[in-house]
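One-based numbering, in listed order, for ligands and for the atoms of each. Atom set for the values below is all heavy atoms of this structure, side chains included, hydrogens, waters and symmetry mates excluded.
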Amino acid sequence: MSEARRSIVIKLSEAAKLAGRDESDITLIAVSKQQPDERIEKSLASGQRIFGENRVQEAFERWQDRKLEYPKLELHLIGPLQSNKAQAAVALFDVIHTVDRPKIATALAREMTVAGRSLPCFIQVNTGEEDQKAGIAPNELERFLTFCRDEAGLQIVGLMCIPPIDEEPAMHFALLKKLADRHSLPQISMGMSSDFDTAIRFGATHIRVGSAFFGERPPRP
Ligand SMILES: *Cc1c(COP(=O)(O)O)cnc(C)c1O
């Protein structure tokens, strides 16, 4: 196991223990966006198989050949999706974390039907109600969840959030957990490099860790 991965796995397991949770209930998603090939290869060699990406095209370039080489790969889309990329997203990814509006829900559902795949999906919630951020507002979640399930026919397994950068993440994690419980959604995608231990304390089942896992991201060209 690589040094970085080992230290995250240790932190994950300590946070789980502190929270009285079973660490096997927490999935570590290694966020590989922008990372150089040699780090990707090292992580694969160390046994990591679950990765997150936030751009469909970039993910394609990085993973389409590796998917053939590593049949157990599990790819999570964690960035905003445009409906014209829904087909490509459904072909490449195994889990979608960013369903946040009816148009995307409908497009994903249609492409899943065509492809004969039913991918587990998370609804992204804009817990900080930030104008520029993707996600459904907390007070619209119930209606949107009903739409996703009953009209689009998506398999909604949980909720996802990205807290505002300038606020204490704990209150956002607590809100997401409360919303998930209220709607009996078992999975919660929250927590990144700087706050995944807090997220675990508040019930995260999927943590999305990039720079702490691979090292700082080089800037996009
Ligand atoms: C980039 C990204 C992450 C990982 O961020 P780090 O701070 O590098 O851990 C997690 N979630 C989303 C949605 C991201 O875009």
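Here's the thing with I162: none of its N/O atoms is less than 3.5 angstrom from an N/O atom of ligand 1.
The local environment of CD in E142 is sparse, with at most 12 non-hydrogen atoms from other residues, nucleotides or ligands closer than 6.0 Å. The neighbour count for D166 CG, taken as heavy atoms of other residues, nucleotides or ligands under 6.0 Å away, is above 12.
To the nearest 0.5 Å, atom CG of residue L81 and atom CG of residue L108 are 5.5 Å apart. Between the CE atom in M190 and the NE2 atom in H172 there is a gap of 12.0 Å [rounded to 0.5 Å].
Put simply, the side chain of L145 reaches to within 4.5 Å of the side chain of L185, judged on heavy atoms.
Of the residues Q34, Q35, E53, Q57, the one that meets the side chain to side chain donor-acceptor pair (under 3.5 Å) test with R62 is E53.
Each of the following atoms of ligand 1 lies closer than 4.0 Å to a heavy atom of V209: 9 (O). Every atom of ligand 1 with a heavy atom of R208 under 4.0 Å away is listed here by number and element: 4 (C), 9 (O), 10 (C), 11 (N), 12 (C), 13 (C). Each of the atoms 11 (N), 12 (C), 13 (C), 14 (C) of ligand 1 lies under 4.0 Å from some heavy atom of I78. Residue S211 has at least one heavy-atom neighbour below 4.0 Å for each of these atoms of ligand 1: 6 (P), 7 (O), 8 (O), 9 (O).
In this structure, R217 is part of the shell of residues with a heavy atom less than 4.0 angstrom from ligand 1.
Ranking protein heavy atoms by distance to atom 5 (O) of ligand 1, first place goes to M192 CE, 3.7 Å. Nearest to atom 9 (O) of ligand 1 among the protein's heavy atoms is S193 OG, 2.5 Å. Atom 14 (C) of ligand 1 has its closest protein heavy atom at K33 NZ, 3.0 Å.
With Q124 contributing its side chain and M160 its backbone, the two residues share no donor-acceptor pair below 3.5 Å.
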